[in-house]
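Convention: sequence-line order gives letters A, B, ...; per-chain numbering from 1. Quick caveat, the model's predicted, so the values are computed rather than measured.
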Protein chains: 2
Amino acid sequence: MAKAYERIADELRRSIRAGELRPGDRLPSETKLAEDHRRSVPTIRDALRLLQDEGLIEKLHGRGNFVRKPRTTVLRTNERHQWEKDRAREPKGERLKTGSTEHDTGLTVNDLVFHAAYREIKAGSELADVFDVPEGTAFIERTFRTRYDAENAPFTLVTSYLVRSLVEANPDLLDAANEPWPGGTQSQLHSVGIELGRIEERVTARPPTPEEAEELELPPGTSVLLLRKTSYDIEGRAVEMSDVTLPGDRTEMLFTTPLERW
Amino acid sequence: MAKAYERIADELRRSIRAGELRPGDRLPSETKLAEDHRRSVPTIRDALRLLQDEGLIEKLHGRGNFVRKPRTTVLRTNERHQWEKDRAREPKGERLKTGSTEHDTGLTVNDLVFHAAYREIKAGSELADVFDVPEGTAFIERTFRTRYDAENAPFTLVTSYLVRSLVEANPDLLDAANEPWPGGTQSQLHSVGIELGRIEERVTARPPTPEEAEELELPPGTSVLLLRKTSYDIEGRAVEMSDVTLPGDRTEMLFTTPLERW
DNA sequence: GAGTGGTCTAGACCACTGT
DNA sequence: CAGTGGTCTAGACCACTCC
């Protein structure tokens with residue numbers, strides 16, 4: 001004997017999957033559903049919460065419960081890295097025209113807003129491990145939000161780490177006022193004589209923390225993608241690491257792997 | 001004025017983050033929490049559900065509520081593709097020794113169980129688009145589960161598509177009984193004269209459907225990673241596509257992008 | 001059997017949306 | 001204002017775990 005709220009959720013889920021309830025449609029009110037199924041309102045709400053957690057419906061206070069529409073997604077490719085490298089040595093005027101976020105999305109620079117903060121920190125065991133330096137080494141921590149003006153929610157939260165001694169040759173890199181740096185991180189590193197040899201990206205997914213949900217305006221029933229990007233110079237030494245949080249319902253990442261010929 | 005269940009959740013969340021409640025610890029019982037906070041049990045349960053949805057706690061019926069321990073993750077790299085290509089032309093005996101899942105995880109072939117089913121289908125608009133063939137073209141659809149014996153949950157669900165006319169030159173490829181094919185998909189394609197030139201992988205994340213949650217034994221408060229892998233031959237023609245569902249709490253994907261020298 | 005969480009009820013009252 | 005969902009109560013009864 002299945003539980004009442006599960007049976008009710010199953011029935012509504014089937015309705016939605018079959019297209020009898022279409023994206024944007026309003027579900028019957030909770031009191032109406034309660035009468036129809038001869039159950040109490042809290043039981044109906046248990047059923048609706050299941051569907052909300054699956055990302056199938058959206059609850060709008062005072063308006064009703066609606067079948068959720070799919071979000072339009074932003075594509076983020078790994079080809080951006082070669083593209084950014086090619087551009088890193090170009091004159092500043094050229095670099096100003098577009099940033100790498102625009103390369104991925106087809107947007108222009110004016111559609112984007114950046115917030116940045118710099119902080120100096122000492123390496124804990126995790127940073128020390130990635131960069132192969134002693135614990136306590138001085139790092140620059142930069143935090144960003146990138147935003148697409150046409151939407152009212154940011155689409156990434158970024159924390160980036162650089163070894164202080166590697167970048168202090170260029171004092172401009174130590175000042176948040178110079179953000180956004182035209183040409184991006186690779187251009188910044190080029191200004192202190194660093195050329196990148198490869199980039200590693202690690203991807204996992206989990207539900208958002210309340211803080212992430214608020215900053216990225218994530219409704220219940222969505223996930224975040226966590227991307228840890230580590231950049232290595234041509235000698236294979238880690239020179240930069242970023243932790244990026246992306247909204248799972250608005251992001252698609254594309255990785256292309258070329259294969260050697262037989 | 002914050003809501004009671006949110007305040008209670010905040011307090012417990014802070015406790016967990018601060019390490020006062022450690023992974024594996026049992027929380028006070030719901031009736032105890034209700035007395036402490038002078039709230040009803042359902043209100044306490046509302047608070048605990050928030051924490052469960054964030055993946056912070058685990059509810060065990062009849063035992064209690066526990067701080068969740070981090071799962072050990074399996075690493076899946078894009079270097080597997082070159083490795084699989086290098087191996088595709090090796091003699092069958094060699095290929096039998098290990099499969100590509102083992103390459104990623106360090107397991108031996110005996111730790112893995114495969115289930116496979118083959119089905120012939122006609123291309124809908126999506127498949128027709130990816131493979132650049134007319135709608136209605138005959139495809140072979142293969143579905144798999146891969147499992148690690150030491151755990152009792154599968155770690156991937158796979159659906160793979162091949163154009164029938166491309167692979168029917170080798171009848172063995174049309175029979176599920178020959179699964180798992182030693183050397184994997186690239187070896188199968190090699191048997192009909194196809195060499196791969198590049199692989200594209202698209203990654204998104206969302207909460208699991210009830211079906212996925214059951215098959216992958218995903219507790220509430222976890223996400224799935226969706227990987228769509230498309231393989232192109234050396235002329236750039238799509239020859240294989242897979243949709244892979246991975247448990248977000250047990251999977252880390254690593255993509256390495258080499259950069260050209262200046 | 002004692003203690004735990006899971007399901008469900010019936011209803012009060014609040015907060016938000018639209019007309 | 002009427003109608004909607006959101007919060008919360010007080011308690012009954014069931015299902016599971018462990019001793």
Side-chain angles (χ1 to χ4, degrees), chain A residues 1-13 16 21 24-69 152 210 213-214 217-221, chain B residues 1-13 16 21 24-69 152 210 213-214 217-221:
Chain A
M1 167 60 183
K3 299 136 218 169
Y5 75 98
E6 283 182 355
R7 277 190 287 101
I8 295 166
D10 286 347
E11 184 182 320
L12 291 167
R13 192 185 297 109
I16 292 169
L21 287 165
D25 282 359
R26 216 202 79 182
L27 274 58
S29 77
E30 299 182 350
T31 49
K32 176 74 163 43
L33 285 169
E35 286 164 16
D36 291 354
H37 292 87
R38 292 154 194 278
R39 293 286 161 178
S40 70
V41 168
T43 298
I44 298 299
R45 291 176 60 75
D46 284 345
L48 294 174
R49 195 177 41 249
L50 280 185
L51 301 181
Q52 184 186 31
D53 287 348
E54 291 163 23
L56 276 180
I57 67 165
E58 191 173 7
K59 314 199 95 226
L60 297 181
H61 193 169
R63 301 221 289 136
N65 298 300
F66 296 83
V67 180
R68 187 183 282 172
K69 297 178 187 166
N152 43 18
E214 195 190 351
E217 289 179 24
L218 291 169
Chain B
M1 166 58 182
K3 299 137 219 170
Y5 75 98
E6 283 183 356
R7 276 190 287 101
I8 296 166
D10 286 347
E11 185 181 319
L12 290 168
R13 192 185 299 109
I16 293 169
L21 288 166
D25 282 0
R26 216 203 77 181
L27 275 58
S29 77
E30 300 183 348
T31 49
K32 177 75 164 42
L33 285 169
E35 286 165 15
D36 291 353
H37 292 88
R38 295 159 190 269
R39 294 285 160 178
S40 70
V41 168
T43 298
I44 298 299
R45 290 177 59 76
D46 284 344
L48 294 174
R49 195 176 44 247
L50 280 186
L51 302 180
Q52 185 186 31
D53 287 347
E54 292 163 23
L56 276 180
I57 66 165
E58 190 174 9
K59 316 201 91 219
L60 297 181
H61 193 169
R63 301 222 287 137
N65 298 301
F66 297 82
V67 179
R68 187 183 282 170
K69 296 177 186 166
N152 42 18
E214 194 189 351
E217 288 178 26
L218 291 169

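If you check C/dT7, D/dG11, C/dG18 against the side chain of A/Arg63, the one that comes closest is C/dG18. For A/Arg39, whose side chain is taken as the heavy atoms from C-beta onward, the closest listed nucleotide among C/dT4, C/dT7, C/dC8 is C/dC8. Candidate nucleotides D/dT9, D/dG5, C/dG5 were compared by shortest atom distance to the side chain of B/Ser40, and D/dT9 ranks first. Closest contact between the side chain of B/His61 and the listed nucleotides C/dT9, D/dC16, C/dT7 involves D/dC16.
Taking atom CG on A/Asp46 and atom P on C/dT9, their separation rounds to 10 Å, with Å as the unit. Taking atom CZ of residue A/Arg45 and atom P of nucleotide C/dA12, one finds them 17 Å apart after rounding to whole Å. Atom CD in B/Glu30 sits about 16 Å away from atom C1' in D/dA10, given to the nearest Å. Rounded to whole angstrom, the span from the NZ atom of B/Lys3 across to the P atom of D/dT9 amounts to 15 Å. Distance, B/Glu58 CD to C/dT4 P: 18 Å, rounded to whole Å. One can place CG of A/Leu51 at 14 Å from P of D/dG5, the figure rounded to the nearest angstrom. Between A/Glu6 atom CD and C/dG6 atom P the separation is 12 Å, expressed in whole Å. Distance, B/Ile44 CD1 to C/dT4 C1': 15 Å, rounded to whole Å.
A salt bridge links A/Arg49 and A/Asp46; the closest N-O separation between the charged side-chain nitrogens and carboxylate oxygens is under 4.0 Å. We find that A/Glu6 and A/Lys3 are joined by a salt bridge, their nearest charged nitrogen and carboxylate oxygen being less than 4.0 Å apart. Using a cutoff of 4.0 Å between basic side-chain nitrogens and carboxylate oxygens, A/Lys32 and A/Asp36 are scored as salt-bridged.
A 4.5 Å side-chain heavy-atom check between B/Tyr5 and B/Leu50 finds at least one atom pair inside the cut-off. In this structure, A/Lys69 and A/Glu58 have side chains that are not in contact, with every pair of non-hydrogen atoms separated by 4.5 Å or more. The closest side-chain heavy-atom distance from A/Leu48 to A/Ile57 is below 4.5 Å. For the pair B/Phe66 and B/Leu60, the minimum side-chain heavy-atom distance is below 4.5 Å.
Nucleic acid contact class of B/Arg26 (heavy atoms, under 4.0 Å, all strands): sugar-phosphate only.
Within the structure, a side-chain polar atom (N or O) of A/Thr43 is placed less than 4.0 Å from OP1 or OP2 of C/dT9. Close to D/dG5, at under 4.0 Å from its OP1 or OP2, lies a side-chain N or O of A/Asn65. Contact annotation: A/Tyr5 side-chain N/O to C/dC8 OP1/OP2 distance is not under 4.0 Å. In this model, the phosphate group of C/dG6 is approached by a side-chain N or O of B/Lys59 to a distance below 4.0 Å at OP1 or OP2.
Exactly one of A/Leu51, A/Leu27, A/Ile44 qualifies for a side chain to side chain contact (heavy atoms under 4.5 Å, CB included) with A/Asn65. That residue is A/Leu27.
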For DNA chain C, just give me the dot-bracket, please: Watson-Crick or G-U, both distances below 3.5 Å, ( ) intra-strand, [ ] crossing earlier pairs, | paired with another strand, . unpaired.
-> ||||||||||||||||||.
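For the pair A/Leu60 and A/Arg38, nearest-nucleotide mapping onto DNA chain C gives the more 5' position to A/Arg38. Toward the 5' end of DNA chain D, the nearer of the two residues A/Pro42 and A/Leu48, judged by each one's closest nucleotide, is A/Leu48.
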